[in-house]
J.: 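Sharing a structure below in structure tokens format, with a few things to ask.
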2 protein chains.
Amino acid sequence: MPQTTRSYHHGDLRVALVDAGLELARVGGVDAVGVREVTRQAGVSPASVYRHFDDHRALVVAVALAAQDRLAEAMVERIGTLVDEASALVDDAASLVDEIGSLLEEEGTSPDGATSSADALTSELAVARLRGVGLGYIDFALAEPGWFELALLTFDPRPGGGPAVMVDSEVPAPFLLLLDALDGCVAAGVLTPQQREHAEWPCWSAVHGFADIATRGPLVGQDPAALAALGRRVVEAIIAGLRA
Amino acid sequence: MPQTTRSYHHGDLRVALVDAGLELARVGGVDAVGVREVTRQAGVSPASVYRHFDDHRALVVAVALAAQDRLAEAMVERIGTLVDEASALVDDAASLVDEIGSLLEEEGTSPDGATSSADALTSELAVARLRGVGLGYIDFALAEPGWFELALLTFDPRPGGGPAVMVDSEVPAPFLLLLDALDGCVAAGVLTPQQREHAEWPCWSAVHGFADIATRGPLVGQDPAALAALGRRVVEAIIAGLRA
DNA sequence: GCGATATGTTCACAGTGTTCACATCGACTT
DNA sequence: AAGTCGATGTGAACACTGTGAACATATCGC
């Protein structure tokens with residue numbers, strides 16, 4: 001922060017506006033982030049927005065990008081806990097394998113069984129990561145529906161209703177997490193390269209669709225525990241569908 | 001229609017407004033159906049809306065219900081063609097089975113094979129119906145994105161941002177088509193009752209999610225043929241996931 | 001035929017995004 | 001060190017929106 005004195009100039013109005021928009025969107029969704037409302041929240045004049053953003057839409061996009069960052073953070077956190085749990089199981093199983101191996105050492109047992117079970121364990125880890133992507137996305141949507149609504153908007157690349165060209169320069173972070181997890185699955189042997197191809201779209205469709213249904217669709221207001229269980233069901237179903 | 005004369009009273013302004021809204025929404029989406037714009041289209045004064053609808057939102061909901069009907073129509077049409085194709089295959093296969101059966105009649109062949117293959121054929125029919133539900137939904141979304149955006153809105157049951165109670169009185173027709181198709185699958189032995197339980201949500205999530213992604217998401221503007229292929233992939237993946 | 005009622009209109013108001021001329025500050029030049 | 005200039009915030013205005021109240025007119029029941 002360059003200065004804390006309240007002068008005519010604000011110091012860093014742009015981020016202040018985005019923060020205000022974030023706060024408003026958290027409870028009111030995308031409709032709550034308007035030019036006048038945001039400037040009111042920031043204690044500034046409405047027209048000041050146009051010194052930092054071309055348009056109302058540009059302001060919304062900036063807020064949406066911030067919400068998207070929050071989504072990505074929540075996802076990596078969820079992935080971390082799920083992978084940690086899985087790797088704890090892996091460690092337990094590995095020590096168990098070692099124990100059994102040392103017990104059976106006197107006999108001439110082949111180490112093939114150990115390596116194949118190790119493969120199964122790394123597979124489990126890769127699947128846990130993929131699970132984390134989906135569940136992190138869903139949990140964020142349920143926990144912060146306003147931000148979630150915002151985070152979607154940026155995926156929409158039409159600037160003003162034009163011919164809608166695909167964005168290829170800047171892939172959103174949440175989507176990258178999914179791509180990486182899928183690549184990890186083929187590296188771990190969970191998915192064949194053929195199964196991997198375009199697999200991001202079935203995954204994203206199922207997870208995003210559930211989040212949308214639970215957030216603005218017929219499942220709105222349902223019991224959170226039931227929603228979480230349904231979300232797990234959706235994630236397991238689409239993962240099973242990919243491997244079939 | 002009570003009268004076609006153009007008098008001070010409009011005859012049936014309510015449906016005229018809904019039709020105008022439908023026409024506007026077709027190209028402009030939900031944002032295009034505003035009180036003033038709709039009345040302009042219908043050649044009538046803005047405040048006349050409030051003789052037929054409580055609110056701007058009520059007008060939008062009425063238009064959305066109409067769009068939902070179009071969606072249901074498109075789905076039953078798609079289901080019909082897919083089921084017809086499948087049943088043609090079924091007939092061909094059945095006649096083939098008969099032929100083979102009559103050829104093998106001289107030998108003492110057991111009819112078990114015929115009945116089990118007949119089972120497989122009815123299964124294929126049930127799956128074709130399920131496929132039709134998903135592909136009909138997706139095709140409609142791709143063909144009429146404006147109407148599709150509208151059709152979703154009605155699934156959102158909040159009247160004014162209240163505590164969002166679940167609608168149980170009037171289940172939308174498109175959703176009923178899915179439920180029936182799933183029940184048909186368990187009747188045909190494709191799905192066990194345990195697999196059937198809550199299966200509507202993974203299905204709806206995947207299909208709706210893909211439609212949303214292809215309509216307002218990162219796949220907007222992609223090659224229609226490629227989108228159709230991806231849609232088929234999504235439908236197959238989620239069906240496989242349910243049966244796994 | 002006549003009154004009651006349903007339906008459409010006009011006017012007004014609050015709120016929105018947006019623009020433009022103006023005010024003010026910080027920084028760079030000479 | 002003074003002065004200029006670009007960057008940033010302000011205030012008033014415009015066009016537009018949804019909405020309500022008072023008014024006008026056509027249709028229906030008696």
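Heavy atoms only: backbone and side chains are in, while hydrogens, waters and symmetry mates are out. The sequence lines fix the lettering, A, B, ..., with proteins before strands; numbering per chain opens at 1.
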J.: Can you run down the side chain to side chain donor-acceptor pair (under 3.5 Å) pairs that involve residues 17-27 of chain A, sequence neighbours left out, and say none if there aren't any?
T.: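 Sorted result for residues 17-27 of chain A: Glu23(A)-Gln41(A), Arg26(A)-Glu144(A).
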J.: Sequence neighbours excluded, which residues qualify as salt bridge (Lys or Arg N to Asp or Glu O under 4.0 Å) partners of Glu197(B)?
T.: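 Once residues adjacent in sequence are excluded, Glu197(B) has no partner under the salt bridge (Lys or Arg N to Asp or Glu O under 4.0 Å) criterion.
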J.: Mind calculating the distance between CZ (Phe53(A)) and P (dT18(C)) to the nearest angstrom?
T.: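 Taking atom P of dT18(C) as the reference, CZ of Phe53(A) is at 13 Å.
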J.: Let me know the distance between CG of Leu17(A) and P of dG17(C), rounded to the nearest Å.
T.: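 Spelled out: CG on Leu17(A) to P on dG17(C) is 13 Å.
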J.: Return the value, rounded to whole Å, for the distance between atom OH of Tyr50(A) and atom P of dG9(D).
T.: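 Nearest whole value for this atom pair: 15 Å.
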J.: Does Asp84(A) have more than 12 heavy atoms from other residues, nucleotides or ligands lying within 6.0 Å of its CG?
T.: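 Check passes, neighbour count above 12.
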J.: For Glu200(A), enumerate each residue passing the side chain to side chain donor-acceptor pair (under 3.5 Å) test, keeping only those at least two apart in sequence or located in another chain.
T.: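 Glu200(A) satisfies side chain to side chain donor-acceptor pair (under 3.5 Å) with Arg196(A) only.
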J.: Could you give the NE2-to-P distance, from His56(B) to dT16(C), as a whole number of Å?
T.: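 Whole-Å distance recorded here is 16 Å.
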J.: For DNA chain D, which residues in residues 21-45 of chain B have a heavy atom at a distance below 4.0 Å?
T.: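 Within this stretch, Gly34(B), Val35(B), Arg36(B), Arg40(B) sit under 4.0 Å of the strand.
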J.: Measuring from the side chain of Arg51(B) (C-beta onward, heavy atoms only), which nucleotide among dG8(C), dA21(C), dT19(D) has the closest atom?
T.: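 Shortest atom-to-atom distance from the side chain points to dG8(C).
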J.: Rounding to a whole Å, what distance do you find between Leu59(B):CG and dT19(D):C1'?
T.: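 For the pair Leu59(B) CG and dT19(D) C1', the rounded distance is 13 Å.
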J.: OP1 or OP2 of dA7(D) sitting under 4.0 Å from any side-chain N/O of His52(A)?
T.: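 Answer no for this pair, as no side-chain N or O of His52(A) is under 4.0 Å from OP1 or OP2.
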J.: The criterion is ring-ring contact (aromatic ring centres under 6.0 Å, His included); which residues satisfy it with Phe148(A), sequence neighbours excluded?
T.: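 Partners of Phe148(A) under the ring-ring contact (aromatic ring centres under 6.0 Å, His included) test: Tyr137(A).
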J.: Expressed in angstrom and rounded to an integer, what is the separation of Asp54(B) atom CG from dG18(D) atom C1'?
T.: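 Computing the Asp54(B):CG to dG18(D):C1' distance gives 14 Å.
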J.: As a test of reading the structure: which of dC20(C), dG9(D), dA22(D) is closest to the side chain of Leu13(A), going by heavy atoms?
T.: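 Looking only at heavy atoms from C-beta outward on Leu13(A), the closest nucleotide is dG9(D).
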J.: Which residues pass the salt bridge (Lys or Arg N to Asp or Glu O under 4.0 Å) test with Arg243(B), not counting sequence neighbours?
T.: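 Expected list: none.
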